[in-house]
Amino acid sequence: MQKINSVIPFNKPWITDLEEAYVLDALKSSRLSGDGPYTHKVEEAFRRRFGIERFLLTSSGTDALELAFLVAKIEPGDEVITPSFTFSSTVNAFMLRGAVPVFCDIRPDTMNLDEKKIEALITPKTKAIVTVDYAGIPCDMDPILTLADAHQLLVIEDAAQSVGSTYKGRPCGLLGHMGCYSFHETKNFCMGEGGAAIFTTQEDLREAEMIREKGTNRKEVLKGLVDKYTWHRVGSSFLPSDLLAALLAAQLERYEEIFDRRMAVWQTYYDGLAQAQEQRWLKRPVVPAYCTHNAHMFNIQLPTPKDRDELMSKLKERGISTYICYVPLHSAPLGLNLGESSCPVTEDLGARTLRLPLYAQMEPADALRIVHEITDILGRR
Ligand SMILES: Cc1ncc(COP(=O)(O)O)c(C=O)c1O
């Protein structure tokens, strides 16, 4: 039984006997390096559930993005259009190759790239657009893909947060030319640190397989296509140990249970905060009709930055951990050195958004308690 004033953490991975059994089995098998039986189990799970054929498990979502930009052959001086309202990894991945971010503003409803503001930022140097499915809600991809097609640009989908979400019936991760997932401890399905890169052409997949395996064609030996492998191109090592893949394989077997429990918490917040929205004390998330979401996050927008910061500290006093989402990249210390960007919506929402606790083991009663605390705090002002 939950004590009334007990602390509610921001996030907590849900580990059961199944995760323990799979990890122990992997440990005992002495097959600890990458691309082993549990990695294949994970690939198979994504093939069966989402129809994803070209899926490479990586050691993080960050690595998946770096791998994608290596395959994309992004070069020094290339420009990449990206939201500023994202995690640093989205932008590091191409800046490591010498490419330059061009920050595009976001939509006030979904806090995703504003598809209407992209075209004005395209120059002869633009090579790619990186879309971020913030809070597990995809961008409006069709107009973005049409624009990319017209200007011959690559679209790389940062789907770190959107495993299990869909856009017009298509799974997130498969919406652009390449996609990247994260299985970090804070994500819906976790392996501690981990991710995946998804490709839509066989050519890109083969290239990525070699980069992920130190520039060699080792994957072809594992597939039984050749009997020895050697160095073919400059590469790196982005493979996670099969031990971690075992953890993720167990999480994916519990997909429905994890998904449904997160959704129950999300819906409790959504319904419970309806009245606070009617009073104009806050705004709840917007899920456009073109998509379904995976209950990755629950954000609220407060009327002013001061309201957000006060609510955050008062919830903390009441044992509830919340988080501010992102400091927009263009206004972070590194971003300020990159020159001017015009992202007024990003700046405004970056200062007014608060992310509430959400994890699968949370009880809807915990969410209800948070709803009551928020309503009480905002009603007393
Ligand atoms: C939008 C976004 N991109 C990339 C990443 C990086 O993923 P990872 O932490 O697995 O490296 C994250 C993770 O927090 C993310 O939220």
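We count ligands from 1, going down the list as the structure has it; atoms in each ligand are counted the same way.
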Group every Ile, Leu, Val, Met, Phe, Trp and Tyr by side-chain heavy-atom contacts under 4.5 Å, then state whether I211 and L56 land in the same group. yes
Can you find a non-hydrogen atom of L65 under 4.0 Å from ligand 1? yes
Using links of under 4.5 Å between side-chain heavy atoms of ILVMFWY residues, direct or through other members, which residues join V221 in one cluster? V226, Y229
Between Y134 and Y326, is the ring centre distance below 6.0 Å? yes
Salt-bridge contact R206-E220 (side-chain N to carboxylate O under 4.0 Å): yes
Pairs of nitrogen or oxygen atoms closer than 3.5 Å, one from H184 and one from ligand 1: do any exist? no
Heavy-atom nearest neighbour in the protein, as seen from atom 13 (C) of ligand 1, with distance rounded to 0.1 Å: K187 NZ, 2.9 Å
Please give me the minimum heavy-atom distance between F103 and L121, naming the atom from each residue. O-CD1, 3.8 Å
Is the shortest N/O to N/O distance between A160 and ligand 1 below 3.5 Å? no
Please identify each residue that fulfils side-chain hydrogen bond (donor to acceptor under 3.5 Å, both in side chains) with R47, with sequence neighbours left out. E44, E53
Ligand 1 to Q161 polar contact by distance, N or O atoms, under 3.5 Å: yes
Provide, to 0.1 Å, the distance between atom 1 (C) of ligand 1 and the closest protein heavy atom, together with that atom's residue and name. D158 OD2, 3.5 Å
Name the closest protein heavy atom to atom 5 (C) of ligand 1, giving the residue it belongs to and the distance to 0.1 Å. F87 CD2, 3.5 Å
Mind checking whether Y326 contacts ligand 1 via backbone (N, CA, C, O), side chain (CB onward), both or neither, at a 4.0 Å heavy-atom cut-off? side chain
Salt bridge R318-D376, side-chain N to carboxylate O under 4.0 Å: yes
Provide, to 0.1 Å, the distance between atom 11 (O) of ligand 1 and the closest protein heavy atom, together with that atom's residue and name. T62 OG1, 2.5 Å
